[in-house]
Amino acid sequence: MSKITINHNTILYQTRDETVLIEPYGADCVRVRATRRGKVSDESWALLPPESCTSTISGDENRAELINGALKVELFKVWGGHRIVFYNNGKEILRTREEGDPVRRYEHVGGDNYRIKALFEPNEGEHIYGLGQEQQPFFDRKGCSSELVHYNTKSALPVVLSSLGYGFFWNNPSPGRCEFTNNHTLWLAECARQADYLVFVGETPDKLMNKYCRLTGFPPEMPDWAAGFWQCKLRYESQDDLLEVAREYKRRGVPVDAIVIDYFHWTEQGNWEFDPELWPDPEAMCAELKELGIRPVVSIWPTINPASKNYAAMDEENMLVRTENGQYGIFEFYGQQTFIDPTNPRTRDYVWEQIKKTYYSYGIKTFWLDEAEPEVHPQQFNNLRFYLGNGAEMAMLYPYYYAKTFYDGLKSEGETEIVSLTRAAWPGSQKFGAIVWNGDIPSTFEALYESIISGLSMSVCGIPWWNSDIGGFHQGDIESDYFRELIVRWFQFGLFCPVMRLHGARKRMKNQVDRHPGVKERSGGDNEIWSFGERNYPILKDLILLRERLKPYILKHMKLASETGAPIMRPMFFDFPSDEACYNLSDQYMFGPDILFAPIYRLGETERTVYLPAGKWIRTSDKSVHEGGKNVACHAELNEFIAFVREGAEVIAAF
């Protein structure tokens with residue numbers, strides 16, 4: 001016999017086969033947990049404790065109602081089960097759905113774990129945004145399905161914002177799936193003790209983002225230097241190569257705030273140190289870079305193998321990801337590798353101690369956390385054993401703890417300006433200063449468009465610091481007309497990204513000389529702004545100089561992001577929530593509240609239409625004034641971009 005019980009500030013629904021607990025979780029938010037185990041788990045994963053709030057609950061054993069600010073939740077019994085209905089200011093926004101026997105939502109997979117579904121009725125006309133980043137062309141996820149899994153180019157954050165004024169956070173770090181089809185909405189965890197999700201409401205998108213950050217954390221303030229231009233390539237083979245490039249930028253009067261030392265500068269995977277043959281004096285290198293005003297950023301991989309001097313100690317003390325069936329190898333790259341296990345606090349301490357001795361002691365304080373998913377092959381997470389449990393239940397947390405390793409380590413040394421460039425994220429990664437990028441994407445115009453989608457999607461998932469490899473990562477031919485057009489259009493997009501970083505594994509040039517014959521991992525083609533033809537060089541230089549002029553604006557709004565959660569790169573509806581047209585725009589966006597950017601992302605294109613919301617807008621290129629509330633046709637040659645500034649905004653002076 002099913003029964004509803006009201007216990008102080010919770011609603012408990014129990015039957016022989018299911019237990020459901022609903023409780024307030026901060027203002028305008030509820031947490032719902034459902035399980036077949038008979039009792040709910042208090043495990044919160046990366047979820048922060050709830051802030052205090054005032055709520056009321058009423059009802060009886062057949063129906064109960066919880067009111068928490070503008071959010072109301074009803075739970076009532078129906079034939080064969082129950083329903084949960086959510087309301088925002090009296091308007092229904094979400095309703096659970098049953099499909100046959102409720103027990104069908106739970107498929108036992110071993111021990112206390114189940115393959116669990118949460119099903120909801122669809123809402124006609126609803127727009128859904130979020131889910132992190134992946135190379136696909138749909139910003140509005142309504143009508144789409146998506147795997148909830150990390151891999152290179154995909155970072156799944158199971159949080160969405162709805163055009164109906166609510167947010168939804170699926171608090172399950174198990175790989176799974178979600179669907180927003182015309183006949184249902186589905187969230188699925190492949191291996192979990194319970195369904196666990198939060199629903200929160202807000203009057204406007206900025207208030208929704210604020211509530212979400214109160215659940216998972218606010219980012220710290222962006223350091224001044226991080227708002228500038230980052231130079232990067234795959235890869236600088238030696239200390240001399242790197243310094244030569246840094247000096248040349250200085251000689252040309254092009255400001256560079258960061259330069260990245262990419263992978264295989266080390267002696268072995270799992271040895272976090274410079275190869276003394278090619279990087280003989282890191283301390284002197286860092287001192288010279290400091291004189292040049294450039295921040296060194298060093299690539300860290302979490303891979304390790306028995307040839308590493310750290311392997312034996314880490315293996316013996318259970319600091320590595322293990323397999324449930326088999327030996328250590330879970331990633332083939334110059335031999336079989338495994339990964340460090342940052343879900344273990346001992347691992348985090350041990351790794352930081354090595355980093356402190358070999359990098360931090362030279363003055364290196366910023367790290368590029370590559371392979372952050374982690375990249376395992378095959379992706380059979382149930383064969384992975386972490387400190388926190390089997391991978392099928394919690395593998396999605398890996399990038400969260402990977403970023404935490406470096407945040408906590410740097411903080412313990414008294415550092416306050418902490419950021420890390422990382423290839424994957426989980427809700428809450430933002431509070432560790434994670435600058436996420438979208439992985440090893442191709443050098444194509446299609447990938448450029450999909451990067452716009454990724455950046456906007458990450459922004460509504462609480463990740464305000466995001467970037468892509470300007471020019472794409474692989475297959476870029478710097479001597480081709482195609483790539484030379486692509487690099488300019490991507491640079492224009494990079495100008496209006498939270499972080500502006502040039503990177504890529506360019507195709508080696510016809511007459512490229514091996515500077516260090518026999519080096520383990522050769523450099524690709526050149527990737528400095530003077531590498532892409534005489535016509536492009538002044539265009540790219542001017543874009544970097546403009547980025548310098550925009551720094552005060554960027555830093556102002558990055559500071560606001562740390563206080564409110566509002567991202568600087570945001571969809572049009574964020575600032576214009578009452579304008580229905582803005583919910584259908586995926587190829588233009590706001591950069592802060594005053595700049596509207598409309599990228600060109602097709603080969604050979606110089607014309608496009610831009611929608612201007614209500615108000616007056618100034619075209620940055622010619623200072624012409626345009627009345628909003630309509631579409632305008634815009635022209636932009638390769639050396640031009642399309643951007644508008646709200647009339648009266650001070651930032652127009654930067655252009």
**OP:** Determine whether the side chains of Gln269 and Thr303 contain a donor N or O and an acceptor N or O closer than 3.5 Å.
**Re:** yes

**OP:** Indicate whether the side chain of Ser146 and that of Lys154 have a donor and an acceptor atom separated by less than 3.5 Å.
**Re:** yes

Subject >> Partners meeting ring pair (Phe, Tyr, Trp, His ring centres under 6.0 Å) with Tyr400 (sequence neighbours left out) >> reply: Phe432

Original post:
At their closest point, which heavy atom of Pro427 faces which heavy atom of Gln430, and how far apart are they?
Top reply: C-OE1, 4.3 Å

Original post:
In this structure, are over 12 heavy atoms from other groups packed under 6.0 Å from Lys520 atom NZ?
Top reply: yes

Subject >> Any donor-acceptor N or O pair under 3.5 Å, side chains Asn172, Glu393 >> reply: no

Original post:
Could you state the interatomic distance from CD (Glu563) to SG (Cys213), rounded to the nearest 0.5 Å?
Top reply: 12.5 Å

Original post:
What are the two closest non-hydrogen atoms of Ser468 and Phe493, and how far apart are they?
Top reply: OG-CE2, 3.8 Å

Original post:
Do Asn438 and Gln133 have side-chain atoms, one donor and one acceptor, less than 3.5 Å apart?
Top reply: no

**OP:** Using a strict cut-off of less than 4.0 Å between a Lys/Arg side-chain nitrogen and an Asp/Glu carboxylate oxygen, indicate whether Arg252 and Glu248 qualify as a salt bridge.
**Re:** yes

Subject >> Distance-only donor-acceptor check, side chains Lys431 and Thr216, under 3.5 Å >> reply: no

Original post:
Will you find, in the side chains of Thr267 and Glu273, an N or O donor that is under 3.5 Å from an N or O acceptor?
Top reply: yes

**OP:** Would you mind checking if Asp514 and Arg522 are paired as a salt bridge, meaning a charged N to carboxylate O distance below 4.0 Å?
**Re:** yes

**OP:** May I ask you to check whether Asn383 and Thr323 show a side-chain donor-acceptor distance below 3.5 Å?
**Re:** no

Original post:
Does a side chain donor of either His265 or Ser299 reach within less than 3.5 Å of an acceptor in the other side chain?
Top reply: no

**OP:** Please test Val419 against Met222 for side chain to side chain contact (heavy atoms under 4.5 Å, CB included), starting from the C-alpha separation and ending with a verdict.
**Re:** CA-CA 8 Å; Val419 296; Met222 174 176 270; 5.6 Å; no

Subject >> Short side-chain donor-acceptor distance under 3.5 Å, Tyr601 and Asp587 >> reply: yes

Original post:
Is the closest side-chain donor-acceptor distance between His377 and Gln379 under 3.5 Å?
Top reply: no

Original post:
Parallel, tilted or perpendicular: which fits the ring planes of Phe406 and Phe367, with parallel below 30° and perpendicular above 60°?
Top reply: tilted

**OP:** Evaluate the criterion side chain to side chain contact (heavy atoms under 4.5 Å, CB included) for residue pair Val298 and Trp272; output intermediate values, then yes/no.
**Re:** CA-CA 10 Å; Val298 169; Trp272 299 289; over 6 Å; no

Subject >> Modelled atom types, side-chain donor and acceptor of Asp241 and His516, under 3.5 Å >> reply: yes

Subject >> Polar contact flag, side-chain donor to acceptor under 3.5 angstrom, Asp315-Tyr328 >> reply: no

Subject >> Flag for Glu413-Tyr360: side-chain donor and acceptor within less than 3.5 Å >> reply: no

Original post:
Is a salt bridge present between Lys507 and Asp477, judged by a nitrogen-to-oxygen distance below 4.0 Å?
Top reply: no

Original post:
Between the side chains of Arg295 and Thr366, is a donor N or O closer than 3.5 angstrom to an acceptor N or O?
Top reply: yes

Original post:
Are Arg501 and Trp465 in a cation-pi contact, defined as NZ or CZ under 6.0 Å from the six-membered ring centre and within 45° of the axis?
Top reply: no

**OP:** Using the side chain to side chain contact (heavy atoms under 4.5 Å, CB included) rule, take Trp352 and Leu410 through it: C-alpha gap first, then chi angles, then the decisive distance, then the call.
**Re:** CA-CA 8 Å; Trp352 175 251; Leu410 287 161; 3.6 Å; yes

Original post:
Between Phe597 and Tyr589, is the ring centre distance below 6.0 Å?
Top reply: yes

**OP:** Take Val321 and Leu384 through the test side chain to side chain contact (heavy atoms under 4.5 Å, CB included) and record every step on the way to the result.
**Re:** CA-CA 7 Å; Val321 178; Leu384 301 183; 4.3 Å; yes

Original post:
Do Glu316 and Tyr311 have a side chain donor and acceptor closer than 3.5 Å?
Top reply: no

**OP:** Could you tell me the separation between the OH atom of Tyr398 and the OH atom of Tyr401, rounded to the nearest 0.5 Å?
**Re:** 13.5 Å

